[in-house]
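In what follows, a structure is listed as structure tokens, so that the remarks can point back to it.
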Amino acid sequence: MSESPLSRRSFLGRAGAAGAGAALAGTGLAACGDGTDSTTPLTASQRIAEQTVPFRGAHQAGITTPAQDRLVFASFDVVTDDRDQLADLLERRTYDAEAMTKGDLVPGGMASPESVSPDTGEAYGSPPAHLTITIGYGPDLFDDRFGLGRRKPAALAQLPRFPNDAIQAGVSGGDLCLQACADDPLVAYHAVHNLTFAGVGVVTMRMMQTGFGRTSSTSTSQATARNLMGFKDGTRNLKSEQADLVDEWVWATGSGVTSWMAGGSYLVARKIRMLVETWDRETLQGQEAVFGRAKDTGAPLGGTSEFATPDLAATDDGAPVIADDAHIRLASPETNGGVHLLRRGYNYSDGVDTVQGNLASGLFFIAFTSDPAHFATVQGHLAHADALNEYIRHISSAVFACPRGLAKGQSWRDQLFG
């Protein structure tokens with residue numbers, strides 16, 4: 001191998017602009033020029049830059065970042081009691097993650113034929129694909145094992161059990177999590193695979209979920225996507241451009257917030273199985289009543305367009321146009337004291353339920369919030385009265401504290417252990 005083993009996309013530099021264009025076919029990024037000639041092809045380095053999301057900054061990437069199309073989410077249990085081993089792992093993982101978001105192999109690359117390669121190699125030749133890697137820490141990491149008790153955020157606690165939950169303990173929780181999002185599923189998988197390999201003997205994977213087809217838009221530049229029930233999902237989701245609302249409802253701030261979490265956020269993950277066979281037999285009118293929206297346009301019932309504010313007071317012949325148990329009513333900020341959540345969920349499919357022969361698919365719900373209690377407020381209303389509960393089951397649950405972004409030269413070790 002003549003090129004540097006550190007760059008997984010170094011072939012682009014050799015191939016030139018034409019080769020780079022072919023290699024990046026299917027990414028959805030149209031070639032554009034330098035502003036003077038729209039037909040001038042970009043250089044390989046320009047194409048790489050277009051697909052790179054900065055790893056460092058005031059906040060972690062992968063939260064307000066425009067939601068990518070693919071997800072690999074994993075949670076881990078720490079299996080060592082050695083504080084130094086955990087700290088060293090976080091140090092190494094920082095620079096591994098940073099390299100991969102740039103389209104590089106992890107430090108050490110694919111090594112020599114006689115050595116075990118630090119990089120697992122499956123994304124060699126792939127572009128960055130807007131990869132973001134977001135780390136979070138679960139409540140149990142702050143027990144007595146590593147002396148982190150005094151650094152535990154006051155808001156970080158296990159979520160309560162809600163009515164109708166069917167939570168499976170073996171695929172819930174975890175000491176830490178990694179969320180890898182990208183526009184290429186191989187790139188997202190490679191990120192989690194590499195970071196798992198780096199942690200052998202220190203952490204073991206508790207659960208992993210792949211996701212496709214984002215179900216929420218996190219930027220006004222993105223169209224609203226659909227969930228596996230066929231409805232537009234997350235129409236009223238917070239958008240990154242709503243700076244005041246994002247500051248209030250996404251980023252952890254205030255005098256009571258521990259320093260490493262100031263500017264961070266709390267990640268809530270819920271795996272929601274959709275009973276699609278039952279749902280498919282419901283009439284269109286019945287489905288729309290459950291959500292409170294038109295299936296084709298996404299408009300709230302009684303409204304004329306998708307982004308019209310739902311009129312929760314509207315009635316028709318004495319009955320509410322949007323039913324009292326409609327999903328959008330119970331999830332709305334108006335019903336929840338103004339609470340907004342930043343959603344970044346994904347559709348998932350785990351194949352077939354071998355017991356019943358039904359599709360094992362649904363929504364892997366992810367939300368970021370400045371306080372997990374805000375999610376509990378919304379989910380409390382939904383769990384008690386949502387008409388959608390007849391067609392879904394919450395089967396996995398977890399909460400993690402995602403720290404603020406990293407400064408230049410700082411690692412996850414420096415941040416967590418201080």
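This structure is a prediction, so every number in the text was calculated from the model and none was measured.
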Quiz item: Do Arg83 and Thr80 get their side chains close enough for a donor-acceptor pair, meaning under 3.5 Å?
Solution: no
Quiz item: Is Arg343 salt-bridged to Asp233, going by a charged N under 4.0 Å from an acidic O?
Solution: yes
Quiz item: Are the side chain of Asp311 and the backbone N or O of Ala313 linked by a donor-acceptor pair below 3.5 Å?
Solution: yes
Exercise. Locate the shortest heavy-atom distance separating Ala269 from Phe73; write the atom from each residue and the value.
Key: CB-CZ, 4.2 Å
Quiz item: Among Gln158, Gln379, Arg270, which one satisfies side-chain hydrogen bond (donor to acceptor under 3.5 Å, both in side chains) with Ser397?
Solution: Arg270
Quiz item: Could you give the distance from CZ (Arg70) to CG (Asp183), rounded to the nearest 0.5 Å?
Solution: 9.5 Å
Quiz item: Can you name the closest pair of heavy atoms from Thr65 and Thr218 and give their distance?
Solution: O-OG1, 2.9 Å
Quiz item: Between His340 and Trp249, what is the ring plane arrangement, given parallel below 30°, perpendicular above 60°, and tilted in between?
Solution: tilted
Practice problem: Output, in order, the C-alpha distance, side-chain angles, deciding distance and verdict of salt bridge (charged side-chain N to carboxylate O under 4.0 Å, His left out) for Glu334 and Arg236. | Solution: CA-CA 12 Å; Glu334 293 84 355; Arg236 301 187 77 191; 3.0 Å; yes
Quiz item: Any donor and acceptor pair, going by atom type alone, linking the side chain of Gln415 with main-chain N or O of Trp412 inside 3.5 Å?
Solution: no
Quiz item: Under 3.5 Å, is there a donor-acceptor pair linking the side chains of Gln168 and Ser396?
Solution: no
Quiz item: Charged N to carboxylate O below 4.0 Å: is that the case for Arg413 and Asp88?
Solution: yes
Practice problem: Show the numbers, then the answer: is there a side-chain hydrogen bond (donor to acceptor under 3.5 Å, both in side chains) between Tyr346 and Gln209? | Solution: CA-CA 10 Å; Tyr346 286 82; Gln209 183 64 56; over 6 Å; no
Quiz item: Hey, does the side chain of Ser126 reach the backbone of Ala123 with a donor-acceptor pair shorter than 3.5 angstrom?
Solution: yes
Quiz item: So Gln68 and Thr132, side-chain hydrogen bond (donor to acceptor under 3.5 Å, both in side chains) or not? Walk me through it.
Solution: CA-CA 9 Å; Gln68 304 93 318; Thr132 57; 3.0 Å; yes
Self-check item: Closest heavy-atom pair and its distance - Leu89, Ala198
Solution: CD1-O, 3.4 Å
Quiz item: Can you tell me how far the OH atom of Tyr266 sits from the CD1 atom of Ile63, to the nearest 0.5 Å?
Solution: 12.0 Å
Self-check item: Glu91-Ser411 side chain donor-acceptor pair, cut-off 3.5 Å
Solution: yes
Quiz prompt | side-chain contact (heavy atoms from CB on, under 4.5 Å) evaluation trace for Gln242 with Leu342 | solution = CA-CA 11 Å; Gln242 297 173 291; Leu342 179 69; over 6 Å; no
Quiz item: Does a salt bridge link Lys232 with Glu306, judged by any charged N lying under 4.0 Å from a carboxylate O?
Solution: yes
Exercise. Measure the spacing between NE2 of His384 and CG of Asn164 and express it to the nearest 0.5 Å.
Key: 9.0 Å
Quiz prompt | Any donor-acceptor pair under 3.5 Å from Asp77 side chain to Val203 backbone | solution = no
Quiz item: Is the backbone N or O of Ser172 less than 3.5 Å from a side-chain atom of Arg206, with the two atoms forming a donor-acceptor pair by type?
Solution: yes
Exercise. Look only at the side chain of Thr101 and the backbone of Leu131, and say whether a donor-acceptor pair between them is shorter than 3.5 Å.
Key: no
Quiz item: Do we see a donor-acceptor contact under 3.5 Å between the side chains of Glu241 and Ser219?
Solution: yes
Quiz item: Do Asp81 and Arg145 meet the salt-bridge criterion of a basic N to acidic O distance under 4.0 Å?
Solution: no
Practice problem: Answer yes if the side chains of Asp386 and His327 hold a donor-acceptor pair under 3.5 Å, and no otherwise. | Solution: yes
Quiz item: Could you go step by step and tell me if Phe291 and Phe231 meet the ring pair (Phe, Tyr, Trp, His ring centres under 6.0 Å) rule?
Solution: CA-CA 8 Å; Phe291 273 102; Phe231 277 75; 4.4 Å; yes
Exercise. Would you please say whether a donor-acceptor pair under 3.5 Å links the side chains of Asn194 and Asp119?
Key: yes
Self-check item: Spacing of Asp96 atom CG and Asp104 atom CG [to the nearest 0.5 Å]
Solution: 11.5 Å
Can I get a per-line list of side-chain donor-acceptor pairs under 3.5 Å for residues 352-368, giving both atom names and the distance, sequence neighbours left out?
| residue | atom | partner | partner atom | Å |
| --- | --- | --- | --- | --- |
| Asp353 | OD1 | Val355 | N | 2.9 |
| Asp353 | OD1 | Gln356 | N | 3.4 |

Exercise. Please lay out, stage by stage, how Gln287 and Arg293 fare under the test side-chain hydrogen bond (donor to acceptor under 3.5 Å, both in side chains).
Key: CA-CA 9 Å; Gln287 290 183 350; Arg293 290 190 179 276; over 6 Å; no
